[in-house]
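Have a look at the structure below, then the notes.
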Amino acid sequence: MSINFKSFIKYVEERNPNEPEFLQAVAEVTEDLIPYINEKHPTWADLKILERLVEPERVISFRVAWLNDKNEVQVNRGYRVQMNSAIGPYKGGLRFSPTVNLSILKFLAFEQIFKNSLTGIPIGGGKGGADFDPKGKSNMEIMRFCQSFMTELYRHIGPDTDVPAGDIGVGGREIGYMYGQYKRIRNTFTGVLTGKGLNWGGSNIRPEATGYGLLYFVECIYDNLDEKIAGKTITISGAGNVAYFAAEKAIHMGARVITLSNSKGTLHDPDGLTLEKLVYVATLGRDLEKYTKKYKTATFHADKRPWQFKCDIALPCATQNELNEDDAKALVKNGCICVGEGANMPSTAEAIRVFHKAKIHFAPGKAANAGGVAVSGLEMSQNNLRQQWSSGKVDDRLKSIMLNIHKTCVKYGKEDDGYINYLKGSNIGGFIKVAVSMKAQGLV
Ligand code: NDP
Ligand code: 2IT
């Protein structure tokens, strides 16, 4: 049997109406997988590996009721999408944002299958979260929400079942409140969440891992070109966990980072951020505009994204679909030669087509931002061993994982003219192990 891409997408669309982000992610992956399966593994078509892959093993949706500071009852919706456990326990972040819905969590959980497989660590794919808006909430409101959320989630997760972590709106503080509640209900101290604090089971370098890993991956791309990152101009979107540590590592590597952004707009510093300026950014919360009062050559561009500014390397590190076709064309026109995705699916399908056509070095999120989940995997290992490894050891492991992911991308993505299609390489490279494992484990 051979699979037809158009009919497959129609099938997925009919089964998942009103889920545009999920469909976008499935199309982005299966466009590469279908020709590969048809040519190399036609039996995987008979086994309906792809049809099974796009069907979550389990979707949990639940009510989260909590009290705000005015003692008013609030109701949110919580989710966990347990997508695929062929190679290990479900693993992936929790997102707290009013934009959260099933389409977004299914796309994230689907991407996570391939990303986690690429790390070489035995972890399956999952994602979860809630349509809760952490903005403007007090510390106590955040705690009450996290406790209520975990009071249902706890029964669906476990260190050998499903290990959540952070994502947008979920950082160390939220992981702490959720971990405390899990421990209180289960009366066990286990590695059920990653991104924990360093005093209670967390791993060194986990907060930094996604941003650092992104720069290690971009460094591999530049090594391959026999060039250096030092001296290059970089635009970064976002000002959260991923963006911050991407900027820090880029500055360490000698690059000139000229932008950060958030949902209010973009901060442009033509002189380039320094480590000192970055420490100042961390004190600003979401008020990036305030930076321009201290550093006079910097400007703030309300409601604008960073992609209009001339750069060599663009690192979208905020959210999905934040870089569209016009942005991609502007980047190419301005001489950008490399795009590394710190966020998950930040480039639209049309933007990716522009990058591929221009033969830009385009590193998709599932490869380039895998450092975060990779160090989460290392946190799980440390928890199982009841050890804590040094920062140096974790950082070395992170570097070698990113190098291996790059190698996998080159192996499966190198085209006849020498151009490396990192998207194709990561899709196929992440898929093979999962497909082989699904076949071996029979019909589940
Ligand atoms: P954070 O919550 O720490 O930061 C998110 C940042 O992105 C904030 O600056 C936020 O601005 C901005 N942002 C969010 N939504 C929008 C939007 N619609 N338009 C403009 N800016 C927006 O999240 P993370 O840094 O952890 O996550 C960023 C991305 O990286 C996500 O795509 C996530 O899935 C991905 N990722 C995260 C990993 C991790 O380990 N944390 C691992 C791998 C990928 P504002 O405050 O104004 O909302
Ligand atoms: O998108 C991601 O890979 C994450 N948010 C991190 C997941 C994890 O389990 O550390």
Side-chain angles (χ1 to χ4, degrees), residues 21 88-100 104-105 107-116 118-119 121 123-129 133-136 157 162-175 191-196 202-203 205-214 217 236-247 260-267 281-282 284-289 303-306 315-323 340-347 364-380:
E21 293 86 0
Y90 310 107
K91 180 88 196 84
L94 295 169
R95 179 177 291 190
F96 290 170
S97 158
T99 60
V100 159
I104 288 179
L105 294 182
F107 115 63
L108 289 162
F110 185 70
E111 287 282 293
Q112 203 83 41
I113 304 173
F114 306 92
K115 185 198 300 193
N116 292 3
L118 282 167
T119 66
I121 298 171
I123 39 180
K127 201 86 188 189
D133 189 357
K135 282 177 196 155
I157 61 176
D162 184 352
V163 183
D167 194 80
I168 292 179
V170 177
R173 175 181 60 166
E174 291 74 20
I175 292 292
V192 67
L193 297 175
T194 59
K196 299 186 290 300
S203 174
I205 307 291
R206 175 61 190 91
E208 296 86 349
T210 312
Y212 281 17
L214 172 63
F217 195 90
I236 296 180
S237 66
N241 172 270
V242 179
Y244 190 89
F245 289 108
L260 289 173
S261 73
N262 61 21
S263 47
K264 295 179 178 181
T266 293
L267 173 68
V281 168
L284 298 177
R286 298 183 56 242
D287 188 8
L288 291 178
E289 193 170 5
D303 301 321
K304 289 273 174 344
R305 306 195 276 206
L315 304 176
C317 297
T319 193
Q320 65 276 352
N321 292 329
E322 56 161 318
L323 197 164
E341 294 188 330
N344 287 305
M345 208 170 73
S347 312
K366 64 175 79 69
N369 73 33
V373 76
V375 172
S376 277
L378 300 180
E379 183 172 328
M380 290 164 73

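Whatever order the structure lists them in is the order used to number ligands and atoms, beginning at 1. Note that the structure is a prediction, hence the values are computed from the model and not measured. Residues: numbered from 1 along the sequence shown.
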Inset, instruction - Nearest 0.5 Å please: distance from the OG1 atom of Thr266 over to the CG atom of Leu288. - result: 8.5 Å

Inset, instruction - Drop me the distance from Lys196's NZ to Glu379's CD, to the nearest 0.5 angstrom. - result: 3.5 Å

Look at the side chain of [X] and the backbone N and O of [Y], then say whether any donor-acceptor pair between them is shorter than 3.5 Å.
| X | Y | value |
| --- | --- | --- |
| Glu341 | Gly365 | yes |
| Glu322 | Ala318 | yes |
| Ser261 | Gly238 | yes |
| Glu111 | Leu108 | no |
| Asn369 | Gly342 | yes |
| Asn116 | Gly124 | yes |

With heavy atoms only and a cut-off of under 4.0 Å, state how [X] meets ligand 1: side chain, backbone, both or neither.
| X | result |
| --- | --- |
| Cys317 | backbone |
| Arg206 | side chain |
| Thr210 | side chain |

Just going by heavy-atom distances, which of [options] is nearest to [atom]?
| atom | options | answer |
| --- | --- | --- |
| atom 28 (C) of ligand 1 | Ser263, Gly238, Ala318 | Ala318 |
| atom 34 (O) of ligand 1 | Asp167, Val170, Thr99 | Asp167 |
| atom 17 (C) of ligand 1 | Asn344, Asn321, Thr319 | Thr319 |

Legend entry - Non-hydrogen atoms of Ser263 and Arg286 that approach each other most closely: OG-NH2, 3.1 Å

Minimum-distance protein heavy atom relative to [atom]:
| atom | value |
| --- | --- |
| atom 2 (O) of ligand 1 | Gly169 N, 3.0 Å |
| atom 4 (C) of ligand 2 | Lys127 NZ, 3.7 Å |
| atom 48 (O) of ligand 1 | Lys135 NZ, 2.8 Å |
| atom 7 (C) of ligand 2 | Gly93 N, 3.6 Å |
| atom 27 (O) of ligand 1 | Ile168 CG1, 3.7 Å |
| atom 3 (O) of ligand 1 | Asn241 N, 2.9 Å |
| atom 10 (C) of ligand 1 | Asn262 CB, 4.3 Å |
| atom 6 (C) of ligand 1 | Gly240 N, 3.9 Å |

Legend entry - Residue pair Phe107 / Asn344, side-chain heavy-atom distance below 4.5 Å: yes

Inset, instruction - For Ala165, counting its heavy atoms only, list the atoms of ligand 2 lying under 4.0 Å from any of them. - result: 8 (C), 9 (O), 10 (O)

Legend entry - Numbered atoms and elements of ligand 2 in range of Lys115, under 4.0 angstrom, heavy atoms: 1 (O), 2 (C), 3 (O)

Legend entry - ligand 1 contacted by Gln320 (non-hydrogen, < 4.0 Å): no

Inset, instruction - Tell me, please: is Arg286 in heavy-atom contact with ligand 1, that is, under 4.0 Å? - result: yes

Would you say [X] and ligand 1 have an N/O pair spaced under 3.5 Å apart?
| X | value |
| --- | --- |
| Val242 | yes |
| Lys127 | no |
| Ala239 | yes |
| Arg95 | yes |
| Lys115 | no |

Inset, instruction - Output the list of atoms in ligand 1 that are nearer than 4.0 Å to some heavy atom of Ala343, sorted by atom number. - result: 29 (C), 30 (O), 32 (O), 35 (C)

Legend entry - Electrostatic pair Lys127:Asp167 at N-O distance under 4.0 angstrom: yes

Inset, instruction - Check Leu108 against ligand 2 and report side chain, backbone, both or neither, counting heavy atoms closer than 4.0 Å. - result: neither

Inset, instruction - Using non-hydrogen atoms of the residue, decide whether Pro164 is closer than 4.0 angstrom to ligand 2. - result: no

Inset, instruction - Determine, using heavy atoms of Arg206 and all atoms of ligand 2, whether some pair is separated by less than 4.0 Å. - result: yes

